[in-house]
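It should be emphasised that the depicted structure is a prediction, and the values quoted were computed from it without experimental measurement.
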Amino acid sequence: MSEREAASSETAAERATSRRAVLAGAAGLTVATSGCVRQVRTVVNRDDVEQLSLTITTVPADGDRESIQIAREVAAVLEAVGVDVSIEMRSNEEFLRAVLINHDFDLYVGQHPGGTDPDFLYEALHSLYADESGWQNPFGFTNLRIDELLEEQRRTGGDDREAAVDDLLEEVAREQPFVPICVPEEHRMVRTDRFDGWKRGHLATRLGYLGLETRGDTERLRAVHLDARPSQNINPLTAEYRDHDPVIDLLYDSLATERDGELEPWLAESVEWDDGTLQVRLREDCSFHDGERLTAADVDFTYRLLQDTELGSGESPSPPPQYRGLAAAVEEVNVQGDHELELAVETGEAVAERALTVPVLPEHVWSERAIQADVPGVRVAQGATEAITTDNVPPIGSGPFRFGSRTEREHLTLERYEDHFTLRDDVDLPAPTVEELRIQIDPRSTSAIQLVSTDDADVTSSTLETYVLDDIEAEDDVAVLESASWTFYHVGFNARRAPFGNPRFRRAVAGLIDKAWLVEDVFHGYADPTATPVTDEWTPDDLAWNGEDPVTPFLGSDGDLDVGAAREAFEDAGFRYGDGTLRVRR
């Protein structure tokens, strides 16, 4: 070995030794540091565990008296178990914008639109929709097992579907993505000296205002509505302005309509189910309110817009906040002529037919709205199109009534559409029997009742608040109607925020709510407590209300919470207490 080679070898050995030494030192340092890190993390984590503070978002008493009362009771029981609670009240549209569009809430109390068919849970809970806006999964809830059951009940029919729905409801009750509280009774007041036939259709739908028998030469139907939103915005695709009212139903036709729980053709002359497809034949010579012909191309356009309001021009679909679940059932529309089309679906017949209830929109009006919205002075989110942001005044539909006039927060007046197909001699469907429907806005149930009693209105088109019902005095020519309800009051959790994504926490909260007591104290008995969000006919026996919630019974009695038992429930769920407060890691 030469001196140079020896020097080089020595240097290499020194480098190797040096590197091993460094590595060894580093390892020791790592060990030492990791201990420090654990120690630091422990300290940090201890500091990070703090009293749970949350906000309950709801509407004020002039928006929904029952919601704010429920919110106060929920706040009281949460405070009793050591939670710091505040209540945030917003107007109806601000409340829905916070919950449905911006997902800016911890918990909320409000009314869910529900549905007569349990398939509404598909859009309410499927994880596919956790990041979308609208009533599609506002909770940000994700659960693969529930996804599977939601899809199974869509695919199947008959007994198999009933079994799938039962399994789905069992899982929903176990997971408590939201807490269903009660189904309110719907009461409306009507005058019987000017119209007959009030019971032939539900007054939240078009059929409640069609086919009425007039007495004398009555040509105007006078409704009084408690909510001003229909006078402000008539866009069927907005979530903030649409509620349990019949306005969109009267202005826009759908292919089918629901009567007494069954779907029957409406704008469609006939519908036939054929192994995964719906063959639809439209009524001929129908037109929109501006005189343009309504054809199968408009129906095709409607489903494309309801799946993507940008009509494919964006990087990804921008679905509207309304009708998402219904439109998703339709895989493809094949137009086979001006009045014939085929809807290809991947669902069973029952779910497929419900897709026929969406409003048919005129392509010549709405195609111009499939562009990025431009609202002066307002930053609009990417994917928000003019189809969503427009107030849609005047609306152009094809329904039995067309837009007449409006004054915001005062009235909305609709006029009979003389060319509507229900007015034809050969069509046996309920038709508009008055020339004008004037919807007067009055936010108070007491004054709405007074308007009907004094013959200044014919019907309260909103449901009356329950606190006034016992004070309504019997009068000649006036009646109070009770209608079936599928909406329900509930507490919604924002699973995007800790600890509301934890099902054990949600179940513990559910056990704090005395639903039976709320029905008596807040709704004066005019509601039914419930453990499930579906109608009675779809509720399995083991989830039926049996005097208490069969899954998450109230931890107390007669509205009085057993605080010790409630705190124990949170501890059993993995949470802990310190200084008398419920501590969580945020």
Side-chain angles (χ1 to χ4, degrees), residues 123 133-136 205-206 230 233-242 245-257 265-268 271 278 280 282-283 285-314 317-330 332-335 338-341 343 354-373 383-403 412 414 417 419-421:
E123 89 174 1
S133 299
W135 280 112
Q136 46 263 34
T205 72
R206 62 167 70 92
N233 184 303
I234 319 177
N235 185 342
L237 306 188
T238 58
E240 307 100 297
Y241 289 90
R242 301 280 70 82
D245 69 65
V247 171
I248 297 302
D249 232 16
L250 291 167
L251 289 167
Y252 291 90
D253 285 319
S254 49
L255 295 175
T257 197
W266 182 254
L267 181 62
V271 178
L278 290 168
V280 178
L282 299 178
R283 298 180 188 279
D285 298 325
C286 289
S287 61
F288 292 103
H289 299 155
D290 59 359
E292 292 288 326
R293 290 182 63 219
L294 188 159
T295 70
D298 292 295
V299 179
D300 175 34
F301 169 80
T302 296
Y303 285 106
R304 287 190 287 119
L305 187 75
L306 294 182
Q307 291 173 348
D308 178 11
T309 60
E310 292 186 284
L311 297 175
S313 63
S318 300
Q322 293 270 75
Y323 308 111
R324 173 70 160 136
L326 295 175
V330 177
E332 185 178 3
V333 178
N334 297 309
V335 176
D338 280 356
H339 304 101
E340 294 184 359
L341 63 157
L343 275 59
R354 305 201 69 78
L356 305 178
T357 60
V358 302
V360 174
L361 306 174
E363 181 175 11
H364 64 279
V365 174
W366 286 80
S367 60
E368 299 175 358
R369 297 171 176 173
I371 59 175
Q372 186 73 20
T385 60
E386 291 192 2
I388 305 301
T389 59
T390 178
D391 63 4
N392 194 40
V393 178
I396 303 297
S398 65
F401 283 92
R402 65 182 181 184
F403 177 78
L412 170 67
L414 310 181
Y417 184 44
D419 289 335
H420 196 255
F421 61 83

Between atom CZ of Phe401 and atom NE2 of His420, what is the distance when rounded to the nearest 0.5 Å?
10.0 Å
State whether a side-chain donor-acceptor pair under 3.5 Å links Glu310 with Thr385.
no
Salt bridge (Lys or Arg N to Asp or Glu O under 4.0 Å) partners for Arg402, two or more places apart
Glu415
Worked check of side-chain contact (heavy atoms from CB on, under 4.5 Å) between Asp298 and Phe288:
CA-CA 10 Å; Asp298 292 295; Phe288 292 103; 3.6 Å; yes
Are Leu361 and Ile396 side-chain neighbours, meaning at least one heavy-atom pair lies under 4.5 Å?
no
Working to the nearest 0.5 angstrom, can you tell me the gap between Ser254 OG and Asp249 CG?
6.0 Å
Rounded to the nearest 0.5 Å, how far does CD of Glu368 lie from OG1 of Thr390?
11.0 Å
Partners meeting side-chain contact (heavy atoms from CB on, under 4.5 Å) with Gln307 (sequence neighbours left out):
Ala327, Val330
Please give me the minimum heavy-atom distance between Ala370 and Ser313, naming the atom from each residue.
O-OG, 4.3 Å
Taken in chain and number order and not counting sequence neighbours, the residues that satisfy salt bridge (Lys or Arg N to Asp or Glu O under 4.0 Å) with Asp290 are none
List for me each residue that meets side chain to side chain donor-acceptor pair (under 3.5 Å) alongside Trp266, sequence neighbours excluded, and say none if there are none.
Asp253
Are Leu267 and Leu294 packed together at the side-chain level, in the sense that at least one heavy-atom pair is separated by less than 4.5 angstrom?
yes
Arg369: what forms a salt bridge (Lys or Arg N to Asp or Glu O under 4.0 Å) with it, not counting sequence neighbours?
none
Taking only residues two or more places apart in sequence or in another chain, which ones pass side-chain contact (heavy atoms from CB on, under 4.5 Å) with Pro395?
Ile234, Leu251, Tyr252, Asn392, Phe403
Check side chain to side chain donor-acceptor pair (under 3.5 Å) between Tyr417 and all other residues, then give those that pass, not counting sequence neighbours.
Ser287
Taking side-chain contact (heavy atoms from CB on, under 4.5 Å) as the definition, give me every residue that meets it alongside Glu332, ordered by chain and number, with sequence neighbours left out.
Asn334, Ala344
Across all chains, not counting sequence neighbours, the salt bridge (Lys or Arg N to Asp or Glu O under 4.0 Å) partners of Glu240 are Arg97
Could you measure the distance from the CD1 atom of Ile388 to the CD atom of Glu386? Nearest 0.5 Å is fine.
11.0 Å
Hey, mind stepping through His339 and Thr295 against side-chain contact (heavy atoms from CB on, under 4.5 Å) and telling me if it holds?
CA-CA 6 Å; His339 304 101; Thr295 70; 5.6 Å; no
When you look at Val299 and Val280, which way does the side-chain contact (heavy atoms from CB on, under 4.5 Å) test go after all the steps?
CA-CA 10 Å; Val299 179; Val280 178; over 6 Å; no
I want to check something: taking the side chain as every heavy atom from C-beta on, are Glu363 and Arg304 in contact at a cut-off of under 4.5 Å?
yes
With sequence neighbours left out, the residues meeting side-chain contact (heavy atoms from CB on, under 4.5 Å) with Asn233 are Asn235, Thr238, Tyr241, Arg242, Asp391
Just jot down the side chain to side chain donor-acceptor pair (under 3.5 Å) partners of Ser133, sequence neighbours excluded, or say none.
none
Which distance, rounded to the nearest 0.5 Å, do you find between the OG1 of Thr309 and the CG of Leu237?
8.0 Å
Rounding to 0.5 Å, atoms OH (Tyr323) and CG (Leu306) come to a distance of 8.0 Å
Side chain to side chain donor-acceptor pair (under 3.5 Å) involving Glu340 - partner list, sequence neighbours excluded
Arg281
Between Asp338 and Leu282, is the side-chain contact (heavy atoms from CB on, under 4.5 Å) condition met? List the steps.
CA-CA 8 Å; Asp338 280 356; Leu282 299 178; over 6 Å; no
Tell me if a side-chain donor or acceptor on Tyr303 pairs with a main-chain N or O of Ala355 at a distance below 3.5 Å.
yes
